[in-house]
Amino acid sequence: MISGSLSNAILEYTMSLLDRAYEVADRFSALGLGSYSDIVGPHLRHVIEHYEALLPALRANDCATQLPLVDYDARARDHRLERDCAVAQRRLRVLQTSLQSLRSSIAPLLDRDVNVRFLIGHAGQTELTTQSTIARELIFLASHTVHHFALLEALATAHGKSFGVNFGRAPATVANDRLQDKRCKQDSIGA
């Protein structure tokens, strides 16, 4: 069972990623990287719709006879999210509000089993359903979000810009860099 402090950490990390996505939409034009709908919009749509795919499983009734189904492949693919920064920002705030409303009950929800449906194969020809938990799926979504942030940061870097320090870098990479910096400082002191 996931403890209250760990469930708060997962929720806070999720909320911080959604905040950063909001900031990306907000800061994109100031960085002068071109059209929102050409660069940032498709990534934010993809990220938003993945989080939205998990919401029904979070809201599912515990008394249901079947496990809630999470289907990331059945996204709406709402192109308004790609074209209109304000639409993406509104949807991000709705996601945050939805998650915040679950704050008091998030710990038991994180242990909830869910079925996750995928299409696999080069042409999506095979359907696979596997069991997971809400916690595992939130962690997957966090990693998936950071991956898309990394793609956006690479595009910004190619134009001599940046979305910020450590933007798009995996938490383990940031922690490893800090550890290496600490070791380098200790080595130079002892030399």
Side-chain angles (χ1 to χ4, degrees), residues 9-58 69-100 102 114 116-124 128 130 132 134-177:
I10 292 170
L11 182 61
E12 291 307 316
Y13 183 52
T14 300
M15 298 300 275
S16 73
L17 289 171
L18 295 174
D19 272 340
R20 291 197 89 178
Y22 188 94
E23 291 168 11
V24 165
D26 211 34
R27 292 188 55 219
F28 181 76
S29 62
L31 289 177
L33 297 175
S35 167
Y36 169 84
S37 61
D38 289 340
I39 297 178
V40 170
H43 289 281
L44 289 185
R45 177 196 56 79
H46 187 74
V47 165
I48 290 166
E49 289 183 342
H50 270 73
Y51 278 99
E52 290 175 342
L54 184 62
L55 284 181
L58 286 166
L69 180 67
V70 179
D71 189 346
Y72 298 116
D73 295 329
R75 298 181 314 278
R77 292 168 173 84
D78 182 352
H79 294 288
R80 293 175 304 158
L81 288 167
E82 291 182 8
R83 294 185 200 116
D84 190 338
C85 173
V87 171
Q89 287 178 313
R90 280 193 299 277
R91 296 270 281 277
L92 286 162
R93 290 301 185 227
V94 168
L95 279 169
Q96 287 184 307
T97 300
S98 296
L99 290 169
Q100 284 287 9
L102 298 169
V114 295
V116 182
R117 179 185 167 272
F118 299 93
L119 295 177
I120 61 171
H122 294 289
L128 170 70
T130 186
S132 186
I134 295 290
R136 176 64 191 102
E137 294 310 303
L138 280 171
I139 291 165
F140 156 71
L141 289 172
S143 178
H144 177 255
T145 300
V146 170
H147 163 74
H148 280 275
F149 287 174
L151 295 172
L152 289 170
E153 183 64 12
L155 291 167
T157 301
H159 289 89
K161 308 288 182 172
S162 177
F163 283 103
V165 175
N166 293 326
F167 183 82
R169 298 185 73 226
T173 302
V174 174
N176 183 68
D177 288 353

Peer 1: Grab the two heavy atoms, one from A25 and one from C85, that are nearest each other, plus how far apart they are.
Peer 2: O-SG, 3.2 Å
Peer 1: For side-chain hydrogen bond (donor to acceptor under 3.5 Å, both in side chains), just list the numbers for Y51 and T145, CA-CA rounded to whole Å, side-chain angles, deciding distance to a tenth of an Å, and then say yes or no.
Peer 2: CA-CA 9 Å; Y51 278 99; T145 300; 3.2 Å; yes
Peer 1: Who pairs with R169 by side chain to side chain donor-acceptor pair (under 3.5 Å), at least two apart in sequence or on another chain?
Peer 2: N166, D177
Peer 1: Is there a side-chain contact between F140 and S132, using heavy atoms and a 4.5 Å cut-off?
Peer 2: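 In short, these two side chains do not touch, never coming nearer than 4.5 Å.
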Peer 1: List, one per line, each side-chain donor-acceptor pair under 3.5 Å for residues 30-39, sequence neighbours excluded.
Peer 2:
from	atom 1	to	atom 2	distance (Å)
S35	OG	S37	N	3.3
S35	OG	S37	OG	3.0
Y36	OH	L81	O	3.0

Peer 1: Could you pull out all residues at least two apart from R93 that satisfy side chain to side chain donor-acceptor pair (under 3.5 Å)?
Peer 2: D19, Q96
Peer 1: By side chain to side chain contact (heavy atoms under 4.5 Å, CB included), which residues pair with E12, not counting sequence neighbours?
Peer 2: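 Scan of E12 (side chain to side chain contact (heavy atoms under 4.5 Å, CB included), adjacent residues dropped) gives R103.
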Peer 1: Taking all heavy atoms of V114 and all of A57, pick out the closest pair and write down the distance.
Peer 2: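 Result for this residue pair: CG1-CB, 3.9 Å.
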Peer 1: Can you list the residues that meet the side chain to side chain contact (heavy atoms under 4.5 Å, CB included) rule with D84, with sequence neighbours excluded?
Peer 2: A86, V87
Peer 1: For the CG atom of L92 and the CG atom of D26, what is their distance to the nearest 0.5 Å?
Peer 2: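 L92 atom CG to D26 atom CG measures 11.0 Å (nearest 0.5 Å).
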Peer 1: How long is the span from the CG atom in L152 to the NE2 atom in H147, to the nearest 0.5 Å?
Peer 2: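 Answer rounded to 0.5 Å: 10.0 Å.
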Peer 1: With F149, which residues qualify under ring pair (Phe, Tyr, Trp, His ring centres under 6.0 Å), at least two apart?
Peer 2: F167
Peer 1: So which of R45, R91, R77 actually passes salt bridge (Lys or Arg N to Asp or Glu O under 4.0 Å) with E52?
Peer 2: R91
Peer 1: Can you pull out every side chain to side chain donor-acceptor pair (under 3.5 Å) where at least one residue sits in residues 154-164? Sequence neighbours excluded, please.
Peer 2: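 Counting only pairs at least two positions apart or across chains, the side chain to side chain donor-acceptor pair (under 3.5 Å) contacts touching residues 154-164 are E153-S162.
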Peer 1: Nearest 0.5 Å please: distance from the CG atom of L141 over to the CD1 atom of I134.
Peer 2: 9.5 Å
Peer 1: So, using salt bridge (charged side-chain N to carboxylate O under 4.0 Å, His left out) as the criterion, who are the partners of R80 when residues are at least two apart?
Peer 2: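 Applying salt bridge (charged side-chain N to carboxylate O under 4.0 Å, His left out) to R80 gives D78.
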Peer 1: Got L18 and L99 here, is their nearest side-chain heavy-atom distance under 4.5 Å?
Peer 2: yes
Peer 1: Once side chain to side chain donor-acceptor pair (under 3.5 Å) is applied, do any residues pair with E23, and if so which ones, sequence neighbours excluded?
Peer 2: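 Listed in chain order: nothing, the list is empty.
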Peer 1: Can you tell me how far CG of L138 sits from OG of S143, rounded to the nearest 0.5 angstrom?
Peer 2: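 So the gap between those two atoms works out to 12.5 Å.
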Peer 1: Might you point out which heavy atoms bring A88 and I48 nearest each other, and give the distance in Å?
Peer 2: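 So the minimum-distance heavy-atom pair works out to O-CD1, 3.6 Å.
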Peer 1: Out of D71, T130, L128, which one pairs with R117 under the side chain to side chain contact (heavy atoms under 4.5 Å, CB included) rule?
Peer 2: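 Exactly one pass, corresponding to D71.
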Peer 1: Can you name the residues that form a side chain to side chain contact (heavy atoms under 4.5 Å, CB included) with A53, not counting sequence neighbours?
Peer 2: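 Counting only residues at least two positions away or on another chain, A53 forms a side chain to side chain contact (heavy atoms under 4.5 Å, CB included) with Y72.
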Peer 1: Could you give the distance from CG (L102) to OG1 (T97), rounded to the nearest 0.5 Å?
Peer 2: 11.0 Å
Peer 1: Can you tell me how far the CZ atom of R20 sits from the CZ atom of F163, to the nearest 0.5 Å?
Peer 2: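 So the CZ of R20 and the CZ of F163 are separated by 10.5 Å.
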Peer 1: Please enumerate all residues that pass side chain to side chain donor-acceptor pair (under 3.5 Å) together with Y22, with sequence neighbours excluded.
Peer 2: none
Peer 1: My understanding is that only residues two or more places apart in sequence, or in another chain, count here; which of them pass side chain to side chain contact (heavy atoms under 4.5 Å, CB included) with L55?
Peer 2: L58, R59, L95, S98
